[in-house]
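What follows is a short report on a single structure.
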Amino acid sequence: MTKINVKSLFISSAAVWIVSYLTLTASYAMPLMKDPVLQGSWLLSIILIPFSFLGAHLYYRKGHKTNGFLLGAMMFLVYLLLDVLVTVPTLIGPFDANAYMAFFANFNYWFLGLELIAIVAVFWQFKVGLFENEDPNFQNL
C-alpha cells in the first residue's frame, strides 16, 4: 500500500459527487414518490454503483496502489465535505442548522457512504489488489 495521491483523490471524489449532486437535483425536480428524500436516496443508490467504479478507475488509472477501503473512506470524506459546503446549502437550506442535522442524521446518507466505500474496495480487489502481480500493465486500466 502506498500513500494517497491527494490530487487524484479530489478529482475522482469530485467526479462521483458531481454526478450524485446532479442526480439528486434532478430527482427533487421530478417528484415520482411522496417522499422526495427517499426517492433521491433510491436513485442515488443505483447511480452510485457505476459512478463509484468510475471514480475508482480515475484514481487507479495512474498506477496508484492505495488500499481500496482506505481510498473509499477518503473519497467519502471528500464527498461529505462537498455535501457540507454545497449540497445542503443549495438543496436543503442555507443557514439552517436543522437542515444539516436532518440531512446528515438520515440513515440513507450513511448507507450511501458505506456503499461508496464497498464499491471502491471491490474495484480495488478486482482491478488492482488481486491481479497486481499477474498483469504488469495494470496501470492501463
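By the criterion of side-chain heavy atoms lying less than 4.5 angstrom apart, applied directly or through intervening Ile, Leu, Val, Met, Phe, Trp or Tyr residues, Tyr79 is grouped together with Phe103 in one hydrophobic cluster. Both Val6 and Met74 are assigned to one and the same hydrophobic cluster, defined by single-linkage of ILVMFWY side chains at heavy-atom distances under 4.5 Å. The hydrophobic clustering, which links ILVMFWY residues whose side-chain heavy atoms are closer than 4.5 Å, places Phe76 and Phe111 apart. Tracing side-chain contacts under 4.5 Å through hydrophobic residues (I, L, V, M, F, W, Y), one reaches Leu116 starting from Val88; they form part of the same cluster. Val78 and Ile4 fall within a single hydrophobic cluster, where Ile, Leu, Val, Met, Phe, Trp and Tyr are joined by side-chain heavy atoms under 4.5 Å apart, directly or via other members.
Under the rule for a ring pair (Phe, Tyr, Trp, His ring centres under 6.0 Å), Phe10 has no partner lying at least two apart in sequence or in another chain. Residues forming a side chain to side chain donor-acceptor pair (under 3.5 Å) with Thr87 (at least two apart in sequence, or on another chain): Trp17, Asp83.
Leu54 contributes atom CG, which lies 14.0 Å from atom CD1 of Ile49 (distance to the nearest 0.5 angstrom). With rounding to the nearest 0.5 angstrom, the NZ atom of Lys62 is 5.5 Å from the NZ atom of Lys7. Note that the OG atom of Ser13 and the CG atom of Leu80 stand 11.5 Å from one another [nearest 0.5 Å]. The structure places NZ of Lys65 at 14.0 Å from CG of Asn5, a figure rounded to the nearest 0.5 Å. Residue Leu114 holds its CG atom at 11.0 Å from CD1 of Ile119, rounded to the nearest 0.5 Å.
Across all non-hydrogen atoms, the minimal contact from Ser41 to Leu112 is O-CD2, 4.1 Å. Nearest heavy-atom pair across Leu82 and Ala14 is CD1-CA, 4.3 Å. The shortest non-hydrogen separation linking Ser12 to Leu58 is CB-CB, 4.1 Å. The shortest heavy-atom contact between Val84 and Pro89 is O-CD, 3.4 Å. Val120 and Gly68 get closest at one heavy-atom pair: CG1-O, 3.5 Å.
Residue Phe104 places its CZ atom among more than 12 non-hydrogen atoms of other residues, nucleotides or ligands, all under 6.0 Å distant.
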Kindly indicate, with the supporting measurements, whether the criterion ring pair (Phe, Tyr, Trp, His ring centres under 6.0 Å) is fulfilled by Tyr59 and Trp124. CA-CA 10 Å; Tyr59 182 84; Trp124 174 71; over 10 Å; no

So Leu9 and Met75, side-chain contact (heavy atoms from CB on, under 4.5 Å) or not? Walk me through it. CA-CA 7 Å; Leu9 170 70; Met75 285 178 73; 3.7 Å; yes

Please lay out, stage by stage, how Ser20 and Leu48 fare under the test side-chain contact (heavy atoms from CB on, under 4.5 Å). CA-CA 7 Å; Ser20 299; Leu48 198 59; 3.9 Å; yes

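There is no side-chain donor-acceptor pair under 3.5 Å between Ser8 and Tyr60.
The aromatic rings of Phe123 and His57 sit perpendicular to each other, their planes meeting at more than 60°, with 30° as the lower class boundary.
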What donor-acceptor contacts under 3.5 angstrom involve side-chain atoms of residues 28-35, with partners at least two apart or in another chain?
from	atom 1	to	atom 2	distance (Å)
Asp35	OD1	Val37	N	3.2

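With Tyr21 as the partner, the side-chain contact (heavy atoms from CB on, under 4.5 Å) test is satisfied by one option alone out of Thr25, Leu24, Thr23, Ile18: Thr25.
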